[in-house]
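Side chains are part of it too, since the values below use all heavy atoms of this structure and drop only hydrogens, waters and symmetry mates.
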Amino acid sequence: MAVAVLLVLGVVAAWSVLIPGVSAWENIVVALIGSLKITGPVAAAFAAWVAVRRRRATGDRALTTWQAVRAPLAILVVVMGSYTATVLVLAIKIMLSEQAGRLLPSGLLMGVSGLALYVTIGWVTGWLLPWTITPALAGLGCYGLFSWLAGGSTWTDRLAPTTREPYDLFQGLSATAFTDQTLWLLGVSAALLLGWAAVVTRQALVLAAALLAVLAAGTGVARLLSEPRQVAVQRVVYSCQEWPIMVCVHPGMRTGLDELGAAFVKIASRLAGTPGEFSRVEQRPRRDNVVLPPGVVPVHVDDLSAGFADRAADEFVESLAKECDGTQADGYRDIVTAWLRGEPLPGGPLPEHQYAAAWFSGLTESQRRGWLRLHYADFASCRLRSTHFGAQASLDGQSRSPEVRREQAADGTGGAAPDAAPGTAPGTAPGTVADRPRDRDGAAGGRAERSPRADRFHQAPGAPGAPDAPDAPDDVRFARPAVSPAPEATASERSRRRDREDGSPGGGPRDRERGQEHGQERGHAPGAVPGHGARP
């Protein structure tokens, strides 16, 4: 019965410790050792229960050394049987998939020595306190004690039968550390058991053996404390996927290559041509500070649980631009990062953020990539402003937030668009047809009055490099007027303008003919003025 209970608890506990999706021997060893956090206190409670019953049955009768240690050793054999069964269950999982890394026998021995310590503590506690509640006290006490030791930030975590946290696949497991930890755990277990046996049997030879066990435990502790805290990152032969970009991960996580590659292909296409472009994604440990060559970006993948690729992509996108201090700049940054992640563009807390998101959503994908190539430095350094998002100045003074008004006052624009000509009416979008002077033909934007920025983004339609030309680059074609151009002048207005340019003070011949026709339509004689008599 005890074996079955410990087996079920061991398998459940080990399965919960397994890193999801990782196929590596180190993952199996860590899971087996991690299962001791549950099976160890249960084994201690079981040993304390047997010890209470044995103490009540024996009383104060003298015992030989073998009679004293036989029962706790039998309990240890039962517990080791359940531990071995747990190893076999996980071995079935190992045989169904290829495992990376190597199996460390010292890690398995450390798990056995940890169970021995739990059993010894439970047995001694049950013998010294033969109460009905003692088994529960022993189990809860062991759980609390070793949880406290494992959670300590100093050398105490090395005394508990656990692995060092957090476990990192790239650092691997140290066989030397497992050996030293096994020496400490077996030494302290033997010292407790033999010390108790020396008290019960009153034999000096048993006491001497207990002292030797204390010496072994002290040697193990000294070796553990002399080891360096940080373990060097091991050299890993990556598993890579070469198309459409190179994605490389730890060989134990090779099953996640497809999903990780799909998440970073879109980001790579949007960053193409910018200082942040890359062609290789490489999984790296979080505590690694190695500088990678250009075109290689590090990503951090802790496990292969659901959504791991999206979490890695979000973390990478957030690292492209530093955190902004103000709400205004942070809202513009969120618009760009949301597009890079493939998420809906956020509206933002301010009106200018909502306008910028609407303007940015109106661009095509190629236009957005061109926009990012032009403004990547401002995005990375958190210097995006309303002027980067088209017709932000079309918001009237009442709808602008105080932050934008201060920004425009610092720039000296006074609320007008940066590209607007002097005398431009407020509320006109920068670079639109309405904010440029008209030439003789009524066409918008005389070339002499255009600003350099407007001259770049608003060329004549169909000209080489123009926004509407087929051969226009993406970083130019994205800049479209944010508001509708002013309506064209009517034919009569253009005709009157040409007549005035001819120098006729009262209008040209066409005006006189048009007036005569107008008078005839109203029933007047040619040359007559409405409301007066006919000319002599």
Side-chain angles (χ1 to χ4, degrees), residues 14 17-34 90-91 93-108 110 162-181 227-265 267-268 278-317 319:
V17 177
L18 282 173
I19 302 177
V22 176
S23 300
W25 286 106
E26 294 86 352
N27 193 25
I28 302 298
V29 174
V30 170
L32 288 171
I33 297 174
L90 293 181
K93 178 184 182 301
I94 294 172
M95 290 184 293
L96 296 178
S97 60
E98 182 181 357
Q99 301 293 310
R102 58 193 180 94
L103 178 64
L104 295 178
S106 58
L108 301 179
M110 198 276 281
T162 57
T163 55
R164 300 176 184 178
E165 299 292 341
Y167 165 61
D168 193 341
L169 277 175
F170 288 90
Q171 291 183 348
L173 302 175
S174 174
T176 303
F178 279 146
T179 302
D180 297 337
Q181 203 166 5
E227 292 181 2
R229 183 77 178 182
Q230 296 293 339
V231 181
V233 176
Q234 297 179 348
R235 184 178 180 84
V236 175
V237 180
Y238 283 101
S239 296
C240 298
Q241 178 177 281
E242 300 185 6
W243 188 89
I245 61 174
M246 181 77 73
V247 180
C248 298
V249 298
H250 188 279
M253 294 185 174
R254 56 186 173 273
T255 56
L257 279 173
D258 293 337
E259 187 173 350
L260 193 64
F264 276 86
V265 163
I267 301 176
F278 61 90
S279 58
R280 178 184 173 95
V281 176
E282 188 173 296
Q283 182 190 7
R284 301 294 300 179
R286 291 189 177 274
R287 292 185 289 257
D288 185 21
N289 296 323
V290 176
V291 179
L292 299 178
V296 181
V297 295
V299 295
H300 306 298
V301 181
D302 299 323
D303 53 52
L304 299 184
S305 58
F308 76 95
D310 293 335
R311 291 192 296 271
D314 291 346
E315 182 179 353
F316 169 72
V317 170
S319 67

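- Side-chain contact between L18 and I28 is present, with at least one heavy-atom pair separated by less than 4.5 Å.
- Minimum heavy-atom separation, F178 to M110: CE2-CE, 3.9 Å.
- For the atom pair SG of C248 and CD of E242, the computed distance is 8.0 Å after rounding to the nearest 0.5 Å.
- Here the side chain of E259 pairs no donor or acceptor atom with the backbone of A306 at under 3.5 angstrom.
- Between R284 and the choices V301, V297, V290, the side chain to side chain contact (heavy atoms under 4.5 Å, CB included) rule is met once, by V290.
- Considering only heavy atoms from C-beta on, F308 comes within 4.5 Å of L260 through its side chain.
- A heavy-atom distance below 4.5 Å is found between the side chains of P251 and V236.
- With rounding to the nearest 0.5 angstrom, the CD atom of Q181 is 10.0 Å from the OG atom of S174.
- In this pair, F278 and F316 present their aromatic rings perpendicular. The plane angle is above 60°, beyond the 30 to 60° band.
- Closest non-hydrogen pair, M253 versus V22, comes out as CE-CG2, 3.6 Å.
- Judged purely by atom type and a 3.5 angstrom limit, E26 has no side-chain atom pairing as donor or acceptor with the backbone of L173.
- Under a 3.5 Å cut-off, the side chain of D303 and the backbone N or O of P20 do not form any donor-acceptor pair.
- With contacts defined as side-chain heavy-atom distances shorter than 4.5 Å, the pair V299/E315 does not qualify.
- Looking only at side-chain heavy atoms (C-beta outward), F264 and I245 come within less than 4.5 Å of each other.
- Distance CG/N27 to CG/L169: 6.5 Å, rounded to 0.5 Å.
- Here the closest non-hydrogen pair linking S106 and T179 is CB-OG1, 4.0 Å.
- Put simply, CG on L32 and CG on L90 are 5.0 Å apart, with the number rounded to the nearest 0.5 Å.
- Atom CG of D180 and atom CD of E227 lie 5.0 Å apart (nearest 0.5 Å).
- Pairing each heavy atom of P285 with each of H300, the nearest pair is O-CE1, 3.5 Å.
- Looking only at distances, no side-chain donor or acceptor of R254 sits under 3.5 Å from a matching main-chain atom of Y238.
- Shortest non-hydrogen contact noted between C240 and M246 is CB-SD, 3.7 Å.
- The shortest heavy-atom contact between Q241 and L257 is NE2-O, 3.9 Å.
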